Engineer: 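Next up is a structure, given as structure tokens.
Below, chains carry the letters A, B, ... as their sequence lines are ordered, and counting in each starts from 1. Only a predicted model underlies this, so the values are computations on that prediction, with no experimental measurement involved.
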Number of protein chains: 2
Amino acid sequence: MESSASIRRKITLNDIAAGCGVSRATVSLVLRGSPLVNKNTRARVEDELRRQGYVYNRAAANLRRRTSSSVALVLNDLANPFFAEFAAGVDEVLAEGEFVTLLGNTGESAEREQAVLGSLIEHGPGGIILSPAEGSDARHVLAAVGTQTPVLLFNRELGGSLPEYAHWDRLMLDNQRGAKLATQHLLEQGHRRIAFFGGHDDSSSVHQRLDGYREAMHEAGVDVLPHWRVETAPTRMDAARATEQLFAHDAAPTAAVCYNDAVALGLMLGLNQRGIKPGEDFAITGFDDVAEAAFSTPPLTTLATDPRARGRQAAQILLARLRNPQADATTTVAPVTLVIRESSAHPPRS
Amino acid sequence: MESSASIRRKITLNDIAAGCGVSRATVSLVLRGSPLVNKNTRARVEDELRRQGYVYNRAAANLRRRTSSSVALVLNDLANPFFAEFAAGVDEVLAEGEFVTLLGNTGESAEREQAVLGSLIEHGPGGIILSPAEGSDARHVLAAVGTQTPVLLFNRELGGSLPEYAHWDRLMLDNQRGAKLATQHLLEQGHRRIAFFGGHDDSSSVHQRLDGYREAMHEAGVDVLPHWRVETAPTRMDAARATEQLFAHDAAPTAAVCYNDAVALGLMLGLNQRGIKPGEDFAITGFDDVAEAAFSTPPLTTLATDPRARGRQAAQILLARLRNPQADATTTVAPVTLVIRESSAHPPRS
DNA sequence: CTGAAAGCGCTTACAG
DNA sequence: CTGAAAGCGCTTACAG
């Protein structure tokens, strides 16, 4: 690296061509690994490339070739460890495929999602991986991204519906099966009065998990009482506050399938405050397997979703789409795994 | 949006110009908001832009103007909530400044860091925000990024040293002051035998926190015994395993300043296993204020670093650098705040 | 106020 | 095997 040269302006193919007496075209062929170039010429060019500290300008190449080497990753909540892991998985696979990740975080705001998509699309991503903000709808997303750029929808559906929307690939978690597994596990421990605790009913993932819970209860021939459904915001604090509602009526539950781990951990807090020992007097399951689940007191039975693997999977689906834009849209439902820990490992006590 | 048109090829300035009978140049001026354009012409062009569903090609504009509208964000561990929050803060400010975030995750591998930087630099970022992988060194980073692209170093220093390296901006946490505050707090509670627990001595942040701890002990006139320093990997499990080393000698500590929250939570685990009640029989402080700290049993006294605010700050420093490339390099030390909870709120008991 | 022309850094038929 | 030429989608002096 010639520091005197590199401090001034960027080195281009012209500099390399001039530096070793060949044409720009030949240097380009060398860079792209064409077999047409003479061995000797290639060596000479490669030396010169190194000598001048050449940096490939991928944007210029993309412009000329009408290709893209980026993928936009638009997340509803990057600060959530689940999505952070997901992003790490996406980036891992994209990087292997020589793509760069354009990051956008919407913070659960449909309005910001519009702005973020509108800005990212100007950078010409080859595709978009979108985990929608709450309340985001298909028409707005489509208006922002157009019909040229393939979209992979992760984690939730959009509101509204459009013909184009049906052509997008999807990667969803198996929410229904997960909640069913958790419910069946509690039934096997001997519980019959099982609540479904936390989350708001208007969310598509809450809906799916409720379905799984109901299905398991139905198959076991257990009637579900209305007060076994307690809605909360999907946060620890709100769940802790709502704990009392579980015990406000007769036939109080002896166990709860929680919407997610945050809610389950909040319920533990609320139970402790009432002198009820989670994992001894009351059985609990969560959903997500956050880092804390293995270390809570008691450790939390939950459903592992392996967000990093989901990220890798999402990137693979999108890369496949870029290779074959005409293929039919795919819907992938990712499996979730029941992880049994002490919070649920006992028969009913109350 | 004409779906028949938009399905085929991308709309360019030429299409718009042809569509309303002006030149490409005029359309460009409209797009860039030039005051030169006649009001009427502007309105006509803007209509046509909307009608054809034009999407600005920022890459082409950047090529022509020799500018960049992206910033690379290279993180040692995106899956860590601290860095995920940091990334969210960075992205927030960059988006406001009309920049897009190019994400790269190195997973704490210096080798991957090389590859990631080499790949990102080809996309022509205006600058790079780098939170180095462990063991990353200045020479390799400089070789990958060259001398043209400004770098902001976050969180840790690189190994090795080079003249160019000194010209990089820095944003570091006030590790020393944080550990000093924690130590002083324990001293005020009446503790004298205070350990420094966890982390490896070859890490620059461990080093700085140890310095703060020693400074506080020295100022209080308390001699530090060698066995009050226990090294561990900065993880919960390793910390739990190492707990016994605190009590292997006479004059065992009654409190510990922990390297970070993960280590502090692990120490709680280890203490509980030995029948020692953290927060009653033994005082503990952490560092980071992870989400879990407020909910552990007992809640953990720790140092809040506000990673999202750090991210915003990092982006602001880098944007300032892009506006003024010639300004002197800056070093910013971000404050940390002691958050007192129950894990440390008592005098020595043993 | 508007248009013709040159050029950002690359790639790719096409000749030779 | 190599070079001259055209062109990706923009911007920007420069004329008029």
Side-chain angles (χ1 to χ4, degrees), chain A residues 6 8-46 48-49 52-70 98 121-126 146 148, chain B residues 6 8-46 48-49 52-70 98 121-126 146 148:
Chain A
S6 58
R8 288 265 50 87
R9 45 172 211 76
K10 274 196 179 154
I11 306 300
T12 73
L13 284 194
N14 272 328
D15 301 307
I16 305 302
C20 58
V22 300
S23 78
R24 210 156 81 229
T26 303
V27 180
S28 176
L29 291 174
V30 169
L31 282 176
R32 313 211 62 237
S34 159
L36 293 176
V37 186
N38 178 294
K39 244 184 161 180
N40 260 309
T41 318
R42 171 181 303 281
R44 239 172 351 121
V45 170
E46 278 170 349
E48 191 66 17
L49 251 15
Q52 297 202 33
Y54 173 78
V55 176
Y56 188 61
N57 185 332
R58 205 168 281 280
N62 282 330
L63 176 59
R64 179 57 237 256
R65 303 181 64 198
R66 308 160 128 264
T67 56
S68 171
S69 56
S70 63
E98 299 274 273
I121 202 80
E122 295 188 348
H123 288 85
Q148 309 268 18
Chain B
S6 59
R8 288 265 50 86
R9 45 172 210 77
K10 274 195 180 153
I11 307 299
T12 74
L13 284 195
N14 272 328
D15 300 308
I16 306 302
C20 56
V22 299
S23 79
R24 211 157 78 227
T26 303
V27 180
S28 177
L29 290 174
V30 170
L31 282 177
R32 313 210 64 236
S34 161
L36 293 176
V37 186
N38 177 294
K39 246 185 158 177
N40 261 309
T41 318
R42 171 182 302 282
R44 241 177 344 125
V45 170
E46 278 170 349
E48 189 66 18
L49 251 13
Q52 298 203 31
Y54 173 77
V55 175
Y56 188 60
N57 184 334
R58 205 168 281 281
N62 282 330
L63 176 60
R64 179 57 236 255
R65 305 181 64 199
R66 306 161 128 263
T67 56
S68 171
S69 56
S70 63
E98 298 275 89
I121 202 78
E122 295 187 349
H123 289 85
Q148 310 266 19

Engineer: Could you tell me if the side chain of Ile11(A) sits less than 4.5 Å from the side chain of Val55(A), heavy atoms only?
Structural biologist: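 When only atoms from C-beta onward are counted, Ile11(A) and Val55(A) do not touch, as no gap falls below 4.5 Å.
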Engineer: Please lay out, stage by stage, how Asn62(A) and Ser68(A) fare under the test side-chain hydrogen bond (donor to acceptor under 3.5 Å, both in side chains).
Structural biologist: CA-CA 6 Å; Asn62(A) 282 330; Ser68(A) 171; 5.6 Å; no
Engineer: Taking any heavy-atom pair under 4.0 Å as a contact, classify Thr12(A): base, sugar-phosphate, or nothing.
Structural biologist: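 Result for Thr12(A) = sugar-phosphate.
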Engineer: Can you name the salt bridge (charged side-chain N to carboxylate O under 4.0 Å, His left out) partners of Arg58(B), sequence neighbours left out?
Structural biologist: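 Residues passing salt bridge (charged side-chain N to carboxylate O under 4.0 Å, His left out) with Arg58(B): Glu122(A).
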Engineer: Toward the 5' end of DNA chain C, which comes first, Val37(B) or Arg24(A), by nearest nucleotide?
Structural biologist: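 Nearer the 5' end of the strand: Val37(B).
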Engineer: Just so I know, are the side chains of Tyr54(B) and Leu13(B) near enough to count as touching, which here means a heavy-atom distance under 4.5 Å?
Structural biologist: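 Tyr54(B) vs Leu13(B): side chains touch.
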Engineer: Should Arg44(B) and Glu48(B) count as side-chain neighbours, where that means a heavy-atom distance under 4.5 Å?
Structural biologist: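 No - every pair of side-chain heavy atoms lies 4.5 Å or more apart.
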Engineer: Taking side chain as C-beta onward, heavy atoms only, is Ser69(B) less than 4.5 Å from His123(A)?
Structural biologist: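 Side-chain contact under 4.5 Å: yes.
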Engineer: Does anyone know the first and last nucleotide of DNA chain C in reach of chain B, 5' to 3', at under 4.0 angstrom to a heavy atom?
Structural biologist: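 That gives a stretch of dC1(C) to dG9(C).
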Engineer: So what does Ala61(B) hit on the nucleic acid, given a heavy-atom distance under 4.0 Å: a base, only sugar-phosphate, or nothing?
Structural biologist: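 Sugar-phosphate, no base atom in range.
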Engineer: Side-chain contact, heavy-atom cut-off 4.5 Å: Val30(A) with Thr41(A)?
Structural biologist: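 No - every pair of side-chain heavy atoms lies 4.5 Å or more apart.
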Engineer: Closer to the 5' end of DNA chain C via nearest nucleotide, is it Arg64(B) or Ala25(B)?
Structural biologist: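 Its nearest nucleotide lies further toward 5', so the answer is Ala25(B).
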Engineer: For DNA chain D, what string of dots and brackets results from 5' to 3' when Watson-Crick and G-U pairs need both distances under 3.5 Å, crossing pairs get [ ], and pairs with another strand get |?
Structural biologist: |||.||||||||.|||
Engineer: Base, sugar-phosphate alone, or nothing: which one does Val30(B) contact when heavy atoms must sit under 4.0 Å apart?
Structural biologist: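 No contact at all - Val30(B) keeps every heavy atom at 4.0 Å or more from the nucleic acid.
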Engineer: Does any non-hydrogen side-chain atom of Val27(A) lie less than 4.5 Å from one of Val22(A)?
Structural biologist: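 Yes, their side chains come closer than 4.5 Å.
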Engineer: Between Gly21(A) and Arg32(B), who's closer to the 5' end of DNA chain D by nearest nucleotide?
Structural biologist: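 Per heavy-atom nearest nucleotide, the more 5' residue is Gly21(A).
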